[in-house]
Number of protein chains: 2
Amino acid sequence: MKPTKAPLRDDVAKRKIYEAVLQRILNGELKPGVRLVENQLAEQYTVSRTIIREVLFTLLRDNLVERNHNRGTQVVSFTPDCVEDLYEIRKSLELLALKTAINAMPLEPLLAFEQRFRELASEAVQVAAPQHVEVDLAFHAFVFEHCQNKRLVAYLENVSQLIHSLRLLGYELEDVVRETGEQHLALVQAFIRRDLATAERLLSDHIDWSKRNALRMLILRRGIAPVP
Amino acid sequence: MKPTKAPLRDDVAKRKIYEAVLQRILNGELKPGVRLVENQLAEQYTVSRTIIREVLFTLLRDNLVERNHNRGTQVVSFTPDCVEDLYEIRKSLELLALKTAINAMPLEPLLAFEQRFRELASEAVQVAAPQHVEVDLAFHAFVFEHCQNKRLVAYLENVSQLIHSLRLLGYELEDVVRETGEQHLALVQAFIRRDLATAERLLSDHIDWSKRNALRMLILRRGIAPVP
DNA sequence: GTCCGGTCAATTGTATACACTTTCGATGGG
DNA sequence: CCCATCGAAAGTGTATACAATTGACCGGAC
């Protein structure tokens, strides 16, 4: 019989490394264009290259890195066109999700979100930026988690993650934060009223606005990574 | 200088194996639920398990197989719900593609498609089934290849491939073939007139109709593969 | 007969060694 | 001084060996 044999091969290791690298991409430590060297990562996480390779394939699957034969892996970088494309897709999919979510989202969390948005609106913007980001992500995730279409959720998570990884949301800018907050508040109120038509219009506008913002940010900071 | 050093390690091998396995899934040789054993495939294609493993990861990326830790890889199988989900996503994305493609598709190919649809309409259905399938795929591919959104194309190809892999299109049924042909003809004519509104309506209806069809087929043939 | 536990073959997971490619800099000729 | 060429170093690609897990088969107790 097996004693407390510590789970020597658990695949949990692989997932943890994936999460770790993902975080490093999302929080901006690994910027677009940076090369991910297999040996380096293997040493960092004290596993064999085999594991790292599989993690890289997973990141590839999630569109977070690019891979060139014999030339390694690098964090994706986007042209303005790509950003525009991504937002258009997101709009379509999120509107699709909304159609069924509007009646499936339970009331209490919606009220909680409304409350939270009100609170944030009355606080100083600069200090609360991280919380704004957090609530923003949670809110959108909340919507599409209630669309009852697993595959759609998967696609949306993928797209959201990509957009987030670009770090183009513009939460450094005060007016952006304020305006986003207002849009979210209006949205959640439409949700509470189960008013699909209004919600669709607001969501569509909201995503268009985010897109314009992202593009502005992208132009603002040229030079962090060359585009192919 | 390098002589005609035959490309010993070219990664072309990997792609070829991917294509081969993909074909076997698409043409129905590897049915949903079938397990893909690494050693077996390695022997079949006379490569090491390493290669096969990477091919399997790629198939996983394309959502064509499922993978369970320590329990291997199998071809995906779908519940009716999944099929419904998939078609809804496809509808959204293809409508998005249409919006920009409607004015980007060159005229000649459209006229050629119209011609082709007319021809097929007047032929005996049974004998022409494979050609119907071929034109069907080509037509939809033609539309979304002109949407000028690379990522959208990638998603759409993925979804189309998945739907195709289900082999649920119902081209064995005479009335299905005929009806599909008529819908395509109407569609291409709307494209030629650059009539977005009509095209959107027709495309939406067409995909809904395909979906109902697929669901019918799915129910028709229970027992080919158990669903989880 | 059925349920339980253990053993064994088949299969997947991981590490490592080696082969090949690419990159970049040094060296030498023009 | 510039450029071509060679070569070493770094990095990726592939094969193979071994470890761990799973699932099935088998025998015995109840």
Side-chain angles (χ1 to χ4, degrees), chain A residues 1-21 24-25 30-31 33-61 64-76 225-226 228, chain B residues 1-21 24 30-31 33-61 64-77 225-226 228:
Chain A
M1 95 148 169
K2 286 167 200 157
T4 354
K5 164 113 107 191
L8 257 161
R9 171 127 59 25
D10 217 357
D11 161 85
V12 74
K14 215 153 33 180
R15 193 152 33 229
K16 261 167 61 176
I17 295 175
Y18 172 87
E19 293 293 341
V21 178
R24 290 169 68 183
I25 294 176
L30 296 173
K31 292 195 189 349
V34 164
R35 188 159 169 204
L36 301 175
V37 177
E38 299 178 359
N39 266 322
Q40 245 166 256
L41 290 171
E43 206 169 322
Q44 271 179 263
Y45 294 101
T46 55
V47 289
S48 77
R49 263 181 61 217
T50 312
I51 305 288
I52 297 299
R53 232 146 191 281
E54 300 199 346
V55 169
L56 290 179
F57 278 121
T58 309
L59 287 167
L60 184 66
R61 183 195 59 179
L64 288 156
V65 301
E66 284 171 344
R67 202 148 219 286
N68 296 91
H69 186 59
N70 272 328
R71 239 174 292 162
T73 308
Q74 35 185 154
V75 180
V76 290
Chain B
M1 95 147 165
K2 283 168 199 154
T4 356
K5 166 111 112 191
L8 256 160
R9 173 126 58 32
D10 217 357
D11 161 85
V12 74
K14 216 152 34 179
R15 192 151 34 228
K16 262 168 57 176
I17 295 176
Y18 172 87
E19 293 293 341
V21 178
R24 289 169 70 184
L30 296 172
K31 293 195 186 352
V34 165
R35 188 162 168 203
L36 301 176
V37 177
E38 298 178 1
N39 266 324
Q40 243 165 257
L41 291 172
E43 207 169 323
Q44 270 178 266
Y45 294 102
T46 54
V47 289
S48 77
R49 263 181 61 218
T50 313
I51 305 288
I52 298 298
R53 231 145 193 283
E54 299 198 346
V55 169
L56 290 179
F57 278 119
T58 310
L59 287 167
L60 183 66
R61 181 196 60 178
L64 288 157
V65 301
E66 285 170 344
R67 202 150 218 285
N68 296 91
H69 186 59
N70 274 327
R71 238 175 295 161
T73 309
Q74 38 186 158
V75 180
V76 289
S77 42

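Side chains included, hydrogens not; waters and symmetry mates left out as well; all remaining heavy atoms used. Note on naming: letters A, B, ... go to the chains in the order of the sequence lines (proteins, then strands), and numbering restarts at 1 for each one.
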Participant: Base, sugar-phosphate, or nothing for I52(B), non-hydrogen atoms under 4.0 angstrom?
Facilitator: nothing
Participant: Is the CD atom of E19(B) crowded by more than 12 outside heavy atoms at less than 6.0 Å?
Facilitator: yes
Participant: Which nucleotide, dT16(C), dG11(D), dA15(D), lies nearest any side-chain atom of S48(B)?
Facilitator: dA15(D)
Participant: Among the nucleotides dT11(C), dT12(C), dT14(C), which one has an atom lying closest to any side-chain atom of Q40(B)?
Facilitator: dT11(C)
Participant: Listed by chain and number, what are the side chain to side chain contact (heavy atoms under 4.5 Å, CB included) partners of Q40(B), not counting sequence neighbours?
Facilitator: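 Residues passing side chain to side chain contact (heavy atoms under 4.5 Å, CB included) with Q40(B): V37(B).
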Participant: Under 4.0 Å between any heavy atoms, over every strand shown, what does L36(B) touch: base, sugar-phosphate, or nothing? Just pick one.
Facilitator: sugar-phosphate
Participant: Return the CG to CD1 distance between L41(A) and I51(A), rounded to the nearest 0.5 Å.
Facilitator: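 If we round to the nearest 0.5 Å, L41(A):CG and I51(A):CD1 are 12.5 Å apart.
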Participant: I want to verify a distance call: between dT23(C), dG13(D), dT21(D), whose nearest atom is closest to the R71(A) side chain?
Facilitator: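 Looking only at heavy atoms from C-beta outward on R71(A), the closest nucleotide is dT23(C).
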Participant: Among the nucleotides dT11(C), dT22(D), dT14(C), which one has an atom lying closest to any side-chain atom of I51(A)?
Facilitator: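 Between dT11(C), dT22(D), dT14(C), the one nearest the side chain of I51(A) would be dT14(C).
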Participant: Once you round it to whole Å, what is the distance between P of dT11(C) and CG of L56(B)?
Facilitator: 14 Å
Participant: Roughly, in whole Å, what's the span from CZ in R53(A) to P in dG13(C)?
Facilitator: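 Atom-to-atom, R53(A) to dG13(C), this comes out as 16 Å.
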Participant: In whole Å, I'd like the distance from the CZ atom of R15(B) to the P atom of dT14(D).
Facilitator: 11 Å
Participant: Taking only N and O in the side chain of R67(A), is any of them less than 4.0 Å away from OP1 or OP2 of dG13(D)?
Facilitator: yes
Participant: Between dA15(D) atom C1' and E54(B) atom CD, what is the distance in whole Å?
Facilitator: 12 Å
Participant: Compute the angle between the rotation axes at the two ends of the helix from dG1(C)-dC30(D) to dG30(C)-dC1(D), each taken over five pairs, rounded to 10 degrees.
Facilitator: 10°
Participant: With rounding to the nearest 0.5 angstrom, report the OG1 to CD distance, T50(A) to E38(A).
Facilitator: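 It is 9.5 Å, given to the nearest 0.5 Å.
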Participant: Round to the nearest Å and state the distance from E38(A) atom CD to dC20(C) atom P.
Facilitator: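 Distance, rounded to whole Å: 18 Å.
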Participant: Measure from CD on E43(B) to C1' on dT12(C) and round the result to the nearest Å.
Facilitator: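 Rounded to whole Å, this separation is 16 Å.
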Participant: What's the spacing between R15(A) CZ and H69(B) NE2 if we round to 0.5 Å?
Facilitator: 8.5 Å
Participant: Return the value, rounded to whole Å, for the distance between atom CZ of F57(A) and atom P of dT14(D).
Facilitator: 9 Å
Participant: Let me confirm one number: the OG1-CG distance from T58(A) to L64(A), rounded to the nearest 0.5 Å.
Facilitator: 10.5 Å
Participant: If you define the side chain from C-beta out and look only at heavy atoms, does anything of R61(A) sit under 4.5 Å from F57(A)?
Facilitator: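 They are not in side-chain contact.
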Participant: Is the backbone of V76(A) close enough, under 3.5 Å, to the side chain of E66(A) for a donor and an acceptor to pair up by distance?
Facilitator: no
Participant: Assuming nearest nucleotide by heavy-atom distance, tell me which of G72(A) and R35(B) is located more 5' along DNA chain D.
Facilitator: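 Taking each residue's closest nucleotide, the earlier one in sequence belongs to G72(A).
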Participant: Taking only side-chain nitrogens and oxygens of H69(B), does any of them come within less than 4.0 Å of OP1 or OP2 of dG13(C)?
Facilitator: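 Yes, because at least one side-chain N or O of H69(B) sits under 4.0 Å from OP1 or OP2 of dG13(C).
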Participant: Hey, does the side-chain of R49(A) have a donor or acceptor N/O within less than 3.5 Å of a partner on the base of dG13(D)?
Facilitator: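 Counting by modelled atom types and ignoring angles, a donor-acceptor contact under 3.5 Å is found here.
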Participant: Of the listed nucleotides (dA15(D), dT12(C), dT12(D)), which one gets closest to any side-chain atom of V37(A)?
Facilitator: dT12(D)
Participant: In whole Å, what is the span from the CG atom of L41(A) to the C1' atom of dA10(D)?
Facilitator: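 It is 15 Å, rounded to the nearest whole Å.
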